[in-house]
Number of protein chains: 2
Amino acid sequence: MSRMAAKDRREELIAAAQRVMIRDGVTKATTRAIVNEAKMPLGVFHYCFSSREELLQEVLTRFTDATVAAARKMFEGEGDLGSRITRSLSAFWGTVELNPGEHQVSYELTHYALRQAGFEDLARRQYQHYREVHEELLAEAAEAAGIEWAVPVPVLARYLNSVLDGVTLSWLVDRDSEHSQEVLRLTGEHLLTLARERTRQAAGPSPAAEPSPAS
Amino acid sequence: MSRMAAKDRREELIAAAQRVMIRDGVTKATTRAIVNEAKMPLGVFHYCFSSREELLQEVLTRFTDATVAAARKMFEGEGDLGSRITRSLSAFWGTVELNPGEHQVSYELTHYALRQAGFEDLARRQYQHYREVHEELLAEAAEAAGIEWAVPVPVLARYLNSVLDGVTLSWLVDRDSEHSQEVLRLTGEHLLTLARERTRQAAGPSPAAEPSPAS
DNA sequence: TGTCATGTTGGTCGAGCGTCCAAGACGCTG
DNA sequence: CAGCGTCTTGGACGCTCGACCAACATGACA
């Protein structure tokens, strides 16, 4: 095989591993399946990676980074709060229906990480990143619309993240697009009801702790 | 080892498999690990099960049945709509914090089933059962409170199921009980806002005894 | 008591796995 | 040209896995 820098081969192996995982699942992504996908001899693997776990670690962080970047892009654009929310949820759902395998692999990697000693932090960071992005986007949307949220942003971010996760998982199982999108619409409307006029105060450190927000 | 009917041994092996899965994960539940947990010689396994997959299939349906039964029990009891919802969500959350391993295994089994040829239907049935229970409970609660839901019950059931799934998954990763319960509280309040007076039409035997149940 | 279905046991087989390595091939530099 | 770091390769090791089987033990029933 033509000579290639180890660093480049790493990238190709990572990409090949992602393809195998999406097609056949994380557990089927063996060293042999990966090098076979990349059309390389087996020996290459441990010349580029010290272990299979190192490769998986790399794949997991790539997935997280890509998801985070995609999420940020989804929220770009103008409009009032309602249309922003609707557009973002639609954009998210578009990626799910277009790339179901990637989302499925994301779940599999999470559960893999939860069981693998030394990988728990990776799973934690993954979800922390997701929630941070949601927090940013919620804060940014509130800022642009001149409102504030009736619920602490960290809670709202976790809520949003949970709904998206849950709806995606359900859809991966039964592929009921219509009902899934209805749920997202319902969630979007719910978020809108949680926007209220901004109270007079600087955007400084908010004391939080609201006793009884709704009704 | 003392003589025992094959049927009884099956049950013990299933129970042992569940214990191994909860402790070490689905992938670690090998035939050897299972018989070891059950303190039986290896040969027993294929005398009681034709294959490892047959055992897993059995475990998955047991998990689903147990979860469905537990969910039904959570919704028993009296009270107005608000307290019923709050109590049910609290009860659900109790099971999550008390038996995190079982919920984790449930996810792992779902993803396993999604990848295993011939198991897709099992995963589909699993989620369909969950949603059916949620539908029943929502309908029953509406009936008892004399209200109707502003959103079609199948959509609401999927929404509820998704939130519970998502919150549980997030919690399994970062164990943030406080925020998770806040999300459930928020969801409960959301559900309450979706209850409205029943419109005059054949909704069954009792025609709206209580006009305005929740606050 | 002898028969036979039923249950028990330890060992074994072939496949697949992650990992490792010796031997060679390449291509830049002096 | 020789030297040397970098890359390539096929094969091999040790292990675990699901599955299988021949031989034996048990106990109900005739």
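Per chain, numbering begins at 1; letters A, B, ... match sequence-line order. Worth knowing before you read on, the calculation uses all heavy atoms, side chains too, and leaves out hydrogens, waters and symmetry mates.
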Walking DNA chain C from its 5' end, the first of A/Gly43 and A/Lys28 to be reached, judged by nearest nucleotide, is A/Lys28

Nearest-nucleotide check on DNA chain C, B/Val44 vs A/Ala29; residue mapping nearer the 5' end is B/Val44

For atom [atom1] of [X] and atom [atom2] of [N], their distance in whole Å:
{"X": "B/Arg10", "N": "C/dT8", "atom1": "CZ", "atom2": "P", "value": "14 Å"}
{"X": "A/Met4", "N": "D/dT6", "atom1": "CE", "atom2": "C1'", "value": "14 Å"}
{"X": "B/Phe45", "N": "C/dT8", "atom1": "CZ", "atom2": "P", "value": "15 Å"}
{"X": "A/Met40", "N": "D/dT8", "atom1": "CE", "atom2": "C1'", "value": "12 Å"}
{"X": "A/Leu56", "N": "C/dT19", "atom1": "CG", "atom2": "P", "value": "10 Å"}
{"X": "B/Leu55", "N": "D/dA19", "atom1": "CG", "atom2": "P", "value": "10 Å"}
{"X": "A/Glu53", "N": "C/dC17", "atom1": "CD", "atom2": "C1'", "value": "14 Å"}
{"X": "A/Phe49", "N": "C/dC20", "atom1": "CZ", "atom2": "C1'", "value": "17 Å"}

Report the distance from atom [atom1] of [X] to atom [atom2] of [Y], rounding to the nearest 0.5 Å.
{"X": "A/Tyr107", "Y": "B/Tyr107", "atom1": "OH", "atom2": "OH", "result": "9.5 Å"}
{"X": "A/Ile147", "Y": "A/Leu192", "atom1": "CD1", "atom2": "CG", "result": "9.0 Å"}
{"X": "B/Arg9", "Y": "B/Ile14", "atom1": "CZ", "atom2": "CD1", "result": "14.0 Å"}

Among [options], the one nearest [X] by side-chain distance:
{"X": "A/Arg3", "options": "C/dG7, D/dC17, D/dT8", "value": "D/dT8"}
{"X": "A/Pro41", "options": "D/dT6, C/dT6, D/dG10", "value": "D/dG10"}
{"X": "B/Ser51", "options": "D/dA19, D/dG11, D/dT8", "value": "D/dA19"}
{"X": "B/Leu42", "options": "C/dG18, C/dT8, D/dA19", "value": "D/dA19"}

Whichever of A/Arg32 and A/Cys48 has the more 5' nearest nucleotide on DNA chain D, that residue is A/Cys48

Of A/Lys7 and B/Thr30, the one whose nearest nucleotide on DNA chain D sits closer to the 5' end is A/Lys7

| field | Short side-chain N/O contact to C/dT8 OP1/OP2 from B/Arg9, under 4.0 Å | value | yes

### Message
It should be established whether A/His46 places a side-chain nitrogen or oxygen under 4.0 Å from OP1 or OP2 of nucleotide C/dT19.
### Response
yes

- Using the ring of each side chain (for Trp, its six-membered ring), is A/Tyr159 parallel, tilted or perpendicular to A/His190, with breaks at 30° and 60°?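 Ring orientation, 0 to 90° scale: perpendicular.
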
* Under 4.0 Å between any heavy atoms, over every strand shown, what does A/Tyr47 touch: base, sugar-phosphate, or nothing? Just pick one. =>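 A/Tyr47: base contact, heavy atoms under 4.0 Å.
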
Is there a donor-acceptor contact under 3.5 Å linking the side chains of A/Asp176 and B/Tyr127?
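The criterion, which ignores hydrogens and geometry beyond distance, is not satisfied for B/Tyr127 and A/Asp176.
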
